[in-house]
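The structure appears right after this line, and notes come after that.
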Amino acid sequence: MQPVRGWSRLGIKLFASYLAVIGVGIITLALAADAVAPVFYSSHMAQMRASGLMQRHMGGNAGPPATGGPAALEDELAASFRTALTEALLVASTAAVAAAVAVSLFVTARVVGPVRRLVAASRRIAAGHYAERVPPGGPDELGDLARSFNDMASALEATERRRLELLGDVAHELRTPIATLEGYLEGLLDGVVASSETTWAKLLDEAGRLRRLVDDLQELSRAEARQISLKLEAVRPAEIASAAAERLASQFAEKGLAFDREIPSDLPAVLADRDRAVQVLTNLLTNALRYTPAPGTVRLTLQPESGAVQFTVTDTGIGIAAADLSNIFERFYRVDKSRSRALGGSGIGLTIARALVEAMGGRIWAESPGLGQGATFRFTLPLAR
Ligand code: ADP
């Protein structure tokens with residue numbers, strides 16, 4: 001947001017309004033001095049003439065000679081002048097007060113109006129009406145406040161929408177394994193499903209799926225609330241890569257996939273939480289294993305780039321369509337829900353991976369030439385200095 005500058009500042013507007021009041025006072029006073037005072041002065045002189053005071057003072061024949069002489073005349077004149085001036089000042093100050101009232105009514109309307117609208121809007125937002133916005137206003141600080149308020153309201157609305165979506169997604173994700181469990185249990189009760197080892201293994205499998213989902217959800221909520229505590233330290237990239245690769249090597253062999261590794265041992269250390277970095281790489285390797293049918297190849301490579309080390313997992317698997325590439329890091333987004341679920345996926349793995357990589361100061365992204373043409377996942381971790 002642009003900072004408020006120069007004449008658009010509220011302080012300058014208020015100062016200008018004070019100047020306006022003072023200006024009206026000075027102008028009225030000048031007008032009074034120029035026009036009103038002589039009128040009052042002449043009318044007092046006329047009164048004095050009518051009462052014959054002047055002539056008496058000046059030695060005229062309108063009556064008996066004045067007793068006070070020229071000194072008394074000066075007193076009379078000074079008294080008349082004071083009265084005229086006081087009356088002129090009264091007119092000027094009444095005009096200045098009227099101007100002050102008019103200006104302050106105008107300024108108050110300009111200041112208090114937006115503030116009242118902000119108060120009303122914030123109350124409505126507090127009551128859960130997140131779509132509430134205020135008019136953006138002018139270029140001064142109040143306009144700035146209104147725009148910041150609207151930005152805050154938009155952020156709150158987005159958070160609320162995500163919260164509702166998450167609740168909906170979680171309910172949806174829980175429904176499938178629960179329905180499967182229910183189906184088996186009912187079948188067992190009715191004697192339709194045989195109480196065999198296979199049945200119990202399937203039940204256990206579904207229970208395991210539920211547990212993994214709950215674990216992932218817990219991890220996701222921590223990651224999204226930025227509550228994951230990271231133990232950042234200098235770690236050798238080869239250490240991260242070897243730890244993740246060793247975990248999964250046997251599974252690649254079992255599935256009949258080639259697992260190529262290019263792990264240079266002389267790369268500079270990265271600043272990362274060792275376990276979290278291993279978790280991210282394990283997640284990418286698990287996905288490669290999951291979405292690459294045999295016979296195929298999964299390749300893990302490490303390479304230096306400016307200020308960071310890049311970890312790359314490339315597979316020859318099912319690939320990802322261009323339209324899905326930007327979405328797969330969103331929670332519960334799965335290109336093929338039934339395939340992912342059947343393969344044990346929850347659709348949260350990449351969301352957690354992205355939150356972890358970004359919390360460690362790195363980037364994560366995916367590339368794929370298209371469906372059926374394999375996929376490449378890359379992430380970076382900054383160098384330890
Ligand atoms: P899941 O638990 O479903 O694998 P992820 O968040 O790890 O959830 O991945 C989200 C989606 O991205 C997957 O459902 C899949 O459609 C797609 N995906 C992830 N990795 C790959 C890959 N190596 N090849 C093809 N598709 C992938």
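Applying the ring-ring contact (aromatic ring centres under 6.0 Å, His included) test to Y130 and every residue at least two apart in sequence or in another chain returns nothing. Residues satisfying the salt bridge (charged side-chain N to carboxylate O under 4.0 Å, His left out) test with E367, not counting sequence neighbours, are R378. Contacts of F377 classified as ring-ring contact (aromatic ring centres under 6.0 Å, His included), with partners at least two apart in sequence or in another chain: none. Checked against salt bridge (charged side-chain N to carboxylate O under 4.0 Å, His left out), R274 has the following partners two or more places apart in sequence or in another chain: E239. By the side-chain contact (heavy atoms from CB on, under 4.5 Å) test, T292 pairs with L257, V298, D315, T316, sequence neighbours left out. Every residue was checked against the ring-ring contact (aromatic ring centres under 6.0 Å, His included) condition with Y333, not counting sequence neighbours, and none meets it. Taking the side-chain hydrogen bond (donor to acceptor under 3.5 Å, both in side chains) definition, one finds that S154 meets it with R133, sequence neighbours left out.
In this structure the side chain of V335 never reaches within 4.5 angstrom of the side chain of I318, judged on heavy atoms. Side-chain contact between L284 and F379: present, with at least one pair of heavy atoms (C-beta onward) separated by less than 4.5 Å. Proximity of E182 to E206: side-chain heavy atoms (C-beta onward) are nowhere separated by under 4.5 Å. Within the 4.5 Å cutoff, side-chain heavy atoms of S242 are placed close to those of E246. Looking only at side-chain heavy atoms (C-beta outward), V270 and M360 stay at 4.5 Å or farther from each other.
Contact check on E165 versus R162 returns no salt bridge, with no Lys/Arg side-chain nitrogen under 4.0 Å from an Asp/Glu carboxylate oxygen. The pair D144-R147 meets the salt-bridge criterion, with a side-chain N (NZ, NE, NH1 or NH2) lying under 4.0 Å from an Asp/Glu carboxylate O. A salt bridge is defined here as a Lys NZ or Arg NE, NH1 or NH2 lying under 4.0 Å from an Asp or Glu carboxylate O, and R212 with E219 fails to meet this definition.
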Name every donor-acceptor pair, under 3.5 Å, that has one atom in a side chain of residues 88-95 and the other anywhere in the protein, sequence neighbours excluded.
{"unit_1": "S93", "atom_1": "OG", "unit_2": "L89", "atom_2": "O", "d": "2.8"}
{"unit_1": "S93", "atom_1": "OG", "unit_2": "L90", "atom_2": "O", "d": "3.2"}
{"unit_1": "T94", "atom_1": "OG1", "unit_2": "L90", "atom_2": "O", "d": "2.6"}

Indicate every side-chain donor-acceptor pair of residues 108-127 with a distance under 3.5 Å to a residue at least two apart or in another chain.
{"unit_1": "T108", "atom_1": "OG1", "unit_2": "S104", "atom_2": "O", "d": "2.4"}
{"unit_1": "S122", "atom_1": "OG", "unit_2": "L118", "atom_2": "O", "d": "3.1"}
{"unit_1": "S122", "atom_1": "OG", "unit_2": "V119", "atom_2": "O", "d": "2.9"}
{"unit_1": "R124", "atom_1": "NE", "unit_2": "E132", "atom_2": "OE1", "d": "2.7"}

If you look only at distance, which donor and acceptor atoms sit under 3.5 Å apart when one is on a side chain in residues 186-196 and the other is two or more places apart or in another chain?
{"unit_1": "S195", "atom_1": "OG", "unit_2": "W200", "atom_2": "NE1", "d": "3.3"}
{"unit_1": "S196", "atom_1": "OG", "unit_2": "T198", "atom_2": "N", "d": "3.4"}
{"unit_1": "S196", "atom_1": "OG", "unit_2": "T199", "atom_2": "N", "d": "3.3"}
{"unit_1": "S196", "atom_1": "OG", "unit_2": "T199", "atom_2": "OG1", "d": "3.1"}

Criterion side-chain contact (heavy atoms from CB on, under 4.5 Å) on N150 and V134, from CA distance to verdict: CA-CA 7 Å; N150 285 345; V134 290; 3.4 Å; yes
Go through the steps to decide whether L167 and R163 satisfy the test side-chain contact (heavy atoms from CB on, under 4.5 Å), and finish with yes or no. CA-CA 6 Å; L167 277 176; R163 193 180 69 84; 4.1 Å; yes
The test is side-chain contact (heavy atoms from CB on, under 4.5 Å); show your working for V24 and V103 and say whether it passes. CA-CA 10 Å; V24 170; V103 168; over 6 Å; no
CA sep, side-chain torsions, deciding dist, call: L19, F15, side-chain contact (heavy atoms from CB on, under 4.5 Å): CA-CA 6 Å; L19 276 187; F15 180 64; 3.7 Å; yes
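Pairs engaging residues 347-371 under the ring-ring contact (aromatic ring centres under 6.0 Å, His included) rule: none recorded [sequence neighbours left out]. A ring-ring contact (aromatic ring centres under 6.0 Å, His included) check over residues 212-260, counting only residues at least two apart or in different chains, returns the pairs F252-F259.
When all heavy atoms of D273 and L232 are compared, the closest pair comes out as N-CD2, 3.6 Å. Smallest separation of non-hydrogen atoms from A269 and P237: CA-CD, 4.1 Å. Closest non-hydrogen pair, Q251 versus L289, comes out as OE1-CD2, 3.5 Å. Minimum heavy-atom separation, I352 to Q279: CG2-NE2, 4.0 Å. Minimum heavy-atom separation, A238 to L302: N-CD2, 4.0 Å. Residues L300 and A241 come closest through the heavy atom pair CD2-O, 4.0 Å.
The side-chain contact (heavy atoms from CB on, under 4.5 Å) test with N287 singles out one residue from T282, L350, V313, and that residue is L350.
Rounding to the nearest 0.5 Å places CD1 of I348 at 9.0 Å from CZ of R331. Remark: L383 CG to E305 CD distance equals 9.0 Å, nearest 0.5 Å. Atom-to-atom distance recorded for L356:CG and T351:OG1 is 11.0 Å, nearest 0.5 angstrom. Residue T301 holds its OG1 atom at 7.5 Å from CD of Q310, rounded to the nearest 0.5 Å. One finds the CZ atom of R222 at 8.5 Å from the OG atom of S229 (value rounded to the nearest 0.5 Å). Atom-to-atom distance recorded for I320:CD1 and I328:CD1 is 4.0 Å, nearest 0.5 angstrom.
Cluster membership for I178 and L166, using ILVMFWY side-chain heavy atoms within less than 4.5 angstrom, is shared. Following chains of ILVMFWY side-chain contacts shorter than 4.5 Å, one can reach L174 starting from L185, so the two form part of one hydrophobic cluster. Residues L14 and L142 are members of one and the same hydrophobic cluster, defined by side-chain heavy-atom contacts under 4.5 angstrom among Ile, Leu, Val, Met, Phe, Trp and Tyr.
When atom types are taken as modelled, the side chain of T380 and the backbone of V309 share no donor-acceptor pair closer than 3.5 angstrom.
For K202, the NZ atom sits in a loose shell: 12 or fewer heavy atoms of surrounding residues, nucleotides or ligands are nearer than 6.0 Å. Within a 6.0 Å sphere centred on CZ of F329, other residues, nucleotides and ligands contribute more than 12 heavy atoms.
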